[in-house]
Amino acid sequence: MTTFHNQVLFKLAQTIETALQKKYPELKINIEEIYKNIGEPPSLEMGHYAFACFPLAKALKCAPPMVSKALAEEIKPDQFIREAKVVGPYLNFFVSPEGLGDIVVQAALKGELFKQSLVEQKQKVMIEYSQPNTHKILHVGHMRNLCLGNALVRLFRYAGHDVTATTFPGDVGTHVAKTLWYLKFHNKEPIPQENKGEWVGLIYSKAHCLLEDQVGTEHEAHNRAQLTEVLRQLEAKSGEYYEQWKETRLWSLELFNAAYGWADVHFDKWYFESEVDSASLERAKKYQAEGKYVVSDGAVGMDLSDDKLGFCMMIKSDGNGMYATKDIELAYRKFEEFHIDRNIYVVDKRQELHFKQVFKVLEKLSFPRAKDCYHLSYEFVELPDGAMSSRKGNIVPLMELINQMEAKIKTDYLERYKGEWSQEEINQTASMVANGAIKYGMVKMDNSRKIVFDMAEWLKLEGETGPYLQYVHARIHSLCEKLGYDGTSKANWALLKTAQEEALMIKLSHFNNIVKANMDQMRVSGLCAYLFDLGKLFNNFYVECPIGKAETEELKKSRLLLAKAVGLTMEKGLAILGIPAPKRM
């Protein structure tokens, strides 16, 4: 059943339904179908909203323009509809400012606009995102996953779903063994007192490079034997390497928590590879014993050749498990522990084959929820001079980057407020603006497009950036404070007749439609574009429609209330993206 969250469209749908009943009483069409066929015309000059008559024309077996013309004859202007206009196969509507003000602006001011369920049926949705490896540096490339996953969690929750946010850090494996091996045999540096997570990540890069350099030398076989011993102790959960693993793992987790705290990201459940490692191997051996997995070249797995997915390896010839082994185990745990309806994995595009194999294996194992697992793929983040790699060390450490950005914001924008603002407010605002710059930059692009991180561009206060949208919000907040905004004021919406005022009200009416469409598509780039357009429309309104110097006090109040509604909508939209909205900038 459709949720009629857009009250303007619902009111138009009711009007069209009444006209249809009068003109075509024999036609059976429900209001949901009418509601879904109301959209936006190419320009506001053509109409505020457009109803496509194609489905009606098909049912009536006549040309769409004839239907739109017949309906227009039945719809007379009233306090809500200013005009119903025939535009070929479309019936376009111009809605009165009173109608838009009462239904849209007033709902935003009261907060009612942001409290409506946008889903036909509430579901339990699990979104797994941010799967960083311990013992590696958390860098700016990790932020696309973090920002996208966090925004999706907030988007689904806003729409009305029950969302469980989870993370699955990689805390075991070859990269850990390399790090511990280097610390044991090659590290000459003292352990620092601070930033141990970043430091151990640098150790991993050094370890990887040294092992690469020694391939083909007399050291190679010895190195391999030492790494095998590290992995053996980790598997056995005993020995000096295991004790060292526990300590160094904590350093990485402290780094993760610092980054998550700064980004205001919270997980309801942390899964770790180390916690599912043994159980996943046991499950794989069980399926092998049952004949569901087969042996191929010494490895155990499932042959998916008939599905054009090759051989999905579960147990390597050395007895160790694979990522797929752990993801199979984790899928069972997620559905059993949380009784979820959907399981969404936010992981970059390099793992597309991996998840196709995992989901197909789950299906062939007769796992009943295999169809409810979905891989949300996205492209990489690059620096202007190319791709990043933790192994090679050509990365931008995240916390170092955050410190640089906050320092630049203070120097470029906030230095002038010293003495006027407290140092605490300057620090908080710098953190919020850096937050907005990174998060908006990471989610404004479609999931399928690469991102090139450019700190100078992302921090600009003009153009399509997070700080620009934050500035629009701060400007509205300051304006309302300066002009004495009063939540009890009454507006005369009929006074808001300019094209700029109408455009803003109509844009506000589409907020929930945009949110719902982005949730359905599992992307937030459309919401980013909407907020950017809203910001531009407000700035145009601010220039063309004076508020403080309006012709009358009544017009001033009405425009100020419209501005406040825009500010509240901007704040809510930014919150869905996980972006804070400063009150001053």
With heavy-atom distances below 4.5 Å as the criterion, would you say the side chains of Y332 and R369 are in contact?
no
With under 30° as parallel and over 60° as perpendicular, where do the rings of Y323 and H354 fit, or are they tilted in between?
perpendicular
Side-chain donor or acceptor of T217 paired with backbone N/O of D213 under 3.5 Å
no
Determine whether the aromatic ring centres of F272 and F168 lie less than 6.0 Å apart.
no
Parallel, tilted or perpendicular, as decided by the 30° and 60° cut-offs, for the rings of H142 and H139:
tilted
Any side-chain donor paired with an acceptor under 3.5 Å for N435 and Y440?
no
Does atom OH (Y471) have a neighbourhood of more than 12 heavy atoms from anything else shown, all under 6.0 Å?
no
Looking at V347, is its backbone amide N or carbonyl O close enough to the side chain of H375 to form a donor-acceptor pair, meaning the two atoms are under 3.5 Å apart?
yes
Could you state the interatomic distance from CD (E457) to CD (E464), rounded to the nearest 0.5 Å?
12.0 Å
Should the pair W270 and Y260 be assigned to parallel (<30°), tilted (30 to 60°) or perpendicular (>60°) ring geometry?
perpendicular
Is the backbone of M126 close enough, under 3.5 Å, to the side chain of T164 for a donor and an acceptor to pair up by distance?
no
Determine whether the aromatic ring centres of Y374 and F355 lie less than 6.0 Å apart.
no
Test applied, side-chain contact (heavy atoms from CB on, under 4.5 Å); reference residue, S130; option that passes from N145, V346, T166
N145
Return the orientation label for the F511 and Y530 ring planes: parallel under 30°, perpendicular over 60°, tilted otherwise.
tilted
Pair W251-E198, side-chain donor/acceptor within less than 3.5 Å:
no
Hey, do the aromatic rings of Y345 and Y129 have their centres closer than 6.0 Å?
no
Check the surroundings of atom NE2 in H186: do more than 12 heavy atoms from other residues, nucleotides or ligands lie under 6.0 Å from it?
yes
Verify whether one side chain among E379 and N447 offers a donor that lies under 3.5 Å from an acceptor in the other.
no
Looking only at the side chains, is there a donor atom on one of Q244 and E240 sitting less than 3.5 Å from an acceptor on the other?
no
